[in-house]
Protein chains: 4
Amino acid sequence: MRNAAVFRLSMAHPGDLSELDRLITVGTVHASDIVAVIGKTEGNGGVNDFTRGYFTQTLMALLSNRLGKPASQLIGEIPCVLSGGTEGVMSPHYSVFCIREDESAARQGAVRLAIGTAFSKPVPAEDVGRRAHVESVAAAVRQAIADAGIERLEDVHFVQVKCPCVTVARAAAAIAAGKTPLTNDPNKSMAFARAAGAFGVALALDEIKPDGFTEAALLSDFTIQSPRASISSGVEVEANEVIVLGNSPAWGGALRIGHRPMTDALDIGAVVDVLDDLGIPARPQVAAADAARIACVLVKCEPDRRGSIRGNRHTMLDDTDINAQRHIRGAVAGLVAGVIGDGRIFVSGGAEHQGPDGGGLIAVIATPAKGAN
Amino acid sequence: MRNAAVFRLSMAHPGDLSELDRLITVGTVHASDIVAVIGKTEGNGGVNDFTRGYFTQTLMALLSNRLGKPASQLIGEIPCVLSGGTEGVMSPHYSVFCIREDESAARQGAVRLAIGTAFSKPVPAEDVGRRAHVESVAAAVRQAIADAGIERLEDVHFVQVKCPCVTVARAAAAIAAGKTPLTNDPNKSMAFARAAGAFGVALALDEIKPDGFTEAALLSDFTIQSPRASISSGVEVEANEVIVLGNSPAWGGALRIGHRPMTDALDIGAVVDVLDDLGIPARPQVAAADAARIACVLVKCEPDRRGSIRGNRHTMLDDTDINAQRHIRGAVAGLVAGVIGDGRIFVSGGAEHQGPDGGGLIAVIATPAKGAN
Amino acid sequence: MRNAAVFRLSMAHPGDLSELDRLITVGTVHASDIVAVIGKTEGNGGVNDFTRGYFTQTLMALLSNRLGKPASQLIGEIPCVLSGGTEGVMSPHYSVFCIREDESAARQGAVRLAIGTAFSKPVPAEDVGRRAHVESVAAAVRQAIADAGIERLEDVHFVQVKCPCVTVARAAAAIAAGKTPLTNDPNKSMAFARAAGAFGVALALDEIKPDGFTEAALLSDFTIQSPRASISSGVEVEANEVIVLGNSPAWGGALRIGHRPMTDALDIGAVVDVLDDLGIPARPQVAAADAARIACVLVKCEPDRRGSIRGNRHTMLDDTDINAQRHIRGAVAGLVAGVIGDGRIFVSGGAEHQGPDGGGLIAVIATPAKGAN
Amino acid sequence: MRNAAVFRLSMAHPGDLSELDRLITVGTVHASDIVAVIGKTEGNGGVNDFTRGYFTQTLMALLSNRLGKPASQLIGEIPCVLSGGTEGVMSPHYSVFCIREDESAARQGAVRLAIGTAFSKPVPAEDVGRRAHVESVAAAVRQAIADAGIERLEDVHFVQVKCPCVTVARAAAAIAAGKTPLTNDPNKSMAFARAAGAFGVALALDEIKPDGFTEAALLSDFTIQSPRASISSGVEVEANEVIVLGNSPAWGGALRIGHRPMTDALDIGAVVDVLDDLGIPARPQVAAADAARIACVLVKCEPDRRGSIRGNRHTMLDDTDINAQRHIRGAVAGLVAGVIGDGRIFVSGGAEHQGPDGGGLIAVIATPAKGAN
């Protein structure tokens, strides 16, 4: 029987993996158990955020040293999904997902956290944000669900995908090769890549059908959405990397995952409800005694593209000084961290087609209260 | 008997006072009743934020037209305190404070919102952030308390002060005149000006004694604090402008004010508690039916200068791209707006000595529930 | 005979017109002679730059007071074209263009600076960046050329147009009215508006023919360009405002204008050449003795959209922290100010279709050296 | 006889050392000849710029692989001085300094580029920006001059020092250990560290005497300056790293170095003059035929703290959105790149005490024209 464990670790800077190194040294973490990493680094979250690449390079060097495999191989085996930007009260941290085989364990009669991962082939620059990209993501998500051994699609609670995007340089190379990228604006490319990721998750989870959408619906028809998709995009990857998190009776361990869509950036109810699902009261805040039961908080959010929230104008989209994604991450993180009582939360912007328009989703992994179903 | 009323109005841009103009035209607001304005404009909140001056110029032109007095006179009679920066979910808006004499009204047996205002003399550049500045503020606050007719200092709940600061140009002029400004760094000057304002409020409210502090304590001894002070600083004023808000049995109207210190940027409890004080439940959010009872929300906050929040590192102070005050405003506004369910909240940074270190304060003006004391 | 004069004035902040006020008071400037203002204010130059509106409001109030006409009328008679953003060495300033009838003057046998202005009708949000916008600009430019009395199109050296753009709010209003704006992204709208302005100038100057382009060429076919067009776009205007600057034998005064296209952001040769055209040596810098002869320097520039300059990668387009237009303005201003020896230069970004791709143009108004043709 | 060579290489991102790797593979560069690297990475240049650490980690991994020594050893042997921030027209690049023993070479009768390096011991957080820091730098500079074999101090043209600074975390650790850092504001600490570096260079070059200054003069008495010092500061180093560049008759090779102080940010004359010193005409721009002779351009600059340049107000110091150092780097790089005709120039801000107040310095390494002395 497989047990899932999650270690939430702090970093002093994007190249600081000393906490993981220490846990491996003392034997708390077995390097060979690590299957995925999800983290928040302190860059700007945009095209020119190199904190993600820096962290990844450092992580892979550490694991290469520990496992005796080349970093270039590990980077294609262990998804490392980072979101740049720790605006406001967020604290730079990373969650290490581990799977350990426990042969002595028996079924507990309750569902437990299940983890699966997959990598697609590299996505050519000219495919980014197009149907070929959607299908590439969908195939990888199905593969990760199988890897997790999750049998019912409703038991999938969170699908993290990291998609490649084009930079000015990649776009130029593709054009030189006679290809036509969707755009050569990197920020726009990141948005299309995230949309393709969300459509791919929706397709894999049977939320939409292959003939139920056209390529033109990406970043256009926001009624199409997957409230379980969390998509990042960055210059540092060339293939789609997928992490599926769900619950399964075939897994052991102490953890379970829940999720809720967030209607808008003020939807504190969703935060409280997902904690309720796990038997953790938060009115108004998670008690100190319960804090240690929370292993990981994952949030997606989006500046409402209609320019207002509950009828009041916001200024995120018109700000030339601060990127709109930085604005919304800071605001939603302020809300969620206030309810959780902890700044070590993963809040990622760019939630196009990931939950309701102008909203997003929240997922929490925790040791559930006894009696919480 | 005096009645206080507060009108919370939206703006399309910092020069848009059309909503106030309309309310005066239809008779809802009497121009001559206006005693103060507090608002959030969509600038960056720093030295080079001119949205405050733009709004003020437009407001004074409107009132000049309506009242037949020169704008240059009105600007010295009606405090207009603006905080720049509507990060994240905040919505640009302004609250117009009005006092109307209602001779037919009788004492209700309950305390009601009381408003007082005052202006100090201009503060010379070399006095900014020094003891002379503290005393100048204290005198103006005492005058505003008297203006409000508040007899007990504990009935004062919120003291807004707008303090002048030095710009590079002002500092140069002072130096040329043989004076020595405390600093010629404008951002530093704004911080010292806010500290002087907080000390001045604490002095006026008898929270500290004249011989209980030295000039060196400003921005240094953070045990000295006034949890009812809200200080802004900006290049566009030359004198201290003061607005005192409290409760008094001598006033009529429907409104009351409450306040709570915020321990840190995650202190959601303070938000819920101040609403409780006014008989408005918010677990987790103010109900739609209660929303209209809230007239004004005023918050001060501060990036914790120790570099962490509840033990977790934050990155606000080390960010070269986004000013730390913009970070914290966005985060705390996200939290407070989530509980209130409305982005029209006044959240101002720079809370040095205004509430606990790394925290701040929240004040709410509302029509209290029956039975709320 | 008409004489043109240009007064280049400094401001302490975007609402500071005291220098103009003083010159009117002492009689150096006659308020009724003022036909146009071009200036640089210290905002960010983006959609949320309100320094332009603030300056304009202050200017119109001053002129209203001086001329006894309502500001609302003057704003439709006197083009006030501001570019936000004084990055790096640029100094906030404004140039006041005046025309004075001098009946005693006789033809000098040399061409002199000629000025003409025009306003179009308001441009509906759904027309912004489309052919209707192009034609609206072209008609206004032709009207301004006629106003200047310039008979040969080659004597036109600089055409400044300020075009309206859509904000999120304007786009939403148009959509609500059943119209389809080209985009609801304000920054994108500003770019399309600038393209429409450049096409309009090219059309009016007979550089392109009405059937020589399609709407799709805007922001797409960069072989279409007008090296005499300088287009700004901003939220604060609703109609196209046009200022035409050229030379004419029918005008008197001391000034003349020259211009040169700039090939790229490193084209120092263009700067030196346009000064040569006016008989002012600058190898490497304009001498102190010649400095006073320069009345106005006008520059347009653009971050090269191909991602490199002379084969070397630049990072302006990939920067999430600083807008690309702020980057390029700062760099080109550094170069031009270094040759001129003065930071009071107008450098405006967004030079799409205004000069060579990745480059722009420079125009200089000066008292020419004797013998300079 | 030692020959110095400099390879100026481009990078696609801060972790891209592929060009150096290629040159080593083809034998153009011998890894064991590399003694120093100076480069510009595309971060923000501030405390939270991790592109410097990312580049350094990648470089040291590459050299470790090539040389068979641990990276942790190499990082203490090969100074890698990076300045973050490629504002405007600057192109991310790095210059690799190599020394090769050429036993067959004979004295040429002309001076040639000489290179020396040194590392100090780690600087404790509480020493940063104090006299102990100054002396630590001076000792390392003297050691590097000896390493270069430069006998006359006037033959030293450029001394690059990278100094450690405190972060919020380092300051907190020092305070916890009972020490008193000069400041716990990281940006301020970087400025003091740069001042200490400049004083250290001036001391080593005999420009000031040990008893000719007090600790209080740092960032205060700007008459003390070293026009040959170029100081960077960053969170990623703990010791002072020094690179001395000068000319010596004892060295061979093709290169020579010259330098000039820059009076202010508009001092184009200094740029032209230093090129003249090397026999390279630039009126107005270096000719294409001469471009390949330039191996390296090194510039320091500073936003004038008095708030104006040649009498005209600048806005760099009052800008809350863009750091003043980013402003000035972009402007001065625009000027210098325009004269050189190439964006691959090293322009670093923070020139306190490095050249005239508000100015800085420029150094150029080139193959001199025949006859250039």
Side-chain angles (χ1 to χ4, degrees), chain B residues 43-52 84-85 87 165-176 180-181 183-191 219-220 233-236 303-309 311-327 329 349-350 358, chain D residues 43-52 84-85 87 165-176 180-181 183-191 219-220 233-236 303-309 311-327 329 349-350 358:
Chain B
N44 61 31
V47 174
N48 69 324
D49 182 347
F50 302 102
T51 61
R52 298 175 301 225
E87 293 80 12
C165 66
V166 304
T167 55
V168 170
R170 280 185 195 169
I175 290 166
T180 308
T183 173
N184 60 356
D185 174 335
N187 279 299
K188 212 168 149 185
S189 170
M190 290 176 83
L219 293 189
S220 157
S233 179
V235 298
E236 67 280 12
D304 197 299
R305 79 198 69 239
R306 292 157 295 191
S308 66
I309 302 173
N312 295 311
R313 182 173 70 100
H314 69 77
T315 62
M316 295 183 268
L317 300 173
D318 277 354
D319 192 342
T320 305
D321 302 313
I322 298 183
N323 182 274
Q325 303 294 348
R326 301 201 74 176
H327 269 294
R329 280 196 302 261
Chain D
N44 60 33
V47 174
N48 68 324
D49 183 348
F50 302 102
T51 61
R52 299 175 301 225
E87 293 78 15
C165 66
V166 303
T167 56
V168 170
R170 279 184 194 169
I175 290 166
T180 308
T183 171
N184 60 356
D185 175 335
N187 278 299
K188 211 168 150 186
S189 171
M190 290 176 83
L219 293 189
S220 157
S233 179
V235 298
E236 68 280 13
D304 197 299
R305 77 197 72 239
R306 292 156 296 192
S308 65
I309 301 172
N312 295 311
R313 181 173 72 99
H314 70 76
T315 61
M316 295 183 267
L317 299 173
D318 278 353
D319 192 341
T320 305
D321 301 313
I322 299 183
N323 182 275
Q325 303 293 348
R326 302 202 73 177
H327 269 293
R329 280 196 302 261

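Every chain is numbered from 1, with letters handed out A, B, ... down the list of sequences. Hydrogens, waters and symmetry mates play no part in the numbers below; they use all other heavy atoms, side chains included.
Only the side chain of R326(D) comes within contact range of chain B, with at least one heavy atom under 4.5 Å from a heavy atom of that chain.
Qualifying side chain to side chain contact (heavy atoms under 4.5 Å, CB included) partners for A324(B), counting only residues two or more places apart in sequence or in other chains: P303(B), M316(B), L317(B). Under the salt bridge (charged side-chain N to carboxylate O under 4.0 Å, His left out) criterion, D49(D) pairs with no residue, sequence neighbours left out.
Taking CG of D185(D) as the start and NZ of K188(B) as the end, the distance is 8.5 Å to the nearest 0.5 Å. With rounding to the nearest 0.5 Å, the separation of CG in N44(B) from CG in D321(D) is 4.5 Å.
Counting only distance, with no hydrogens or angles, the side chain of D318(B) and the backbone of N48(D) share no donor-acceptor pair below 3.5 Å.
Each of D319(B), T315(B), I322(B) has some count of heavy-atom pairs under 4.5 Å with chain D, and the biggest count is that of D319(B).
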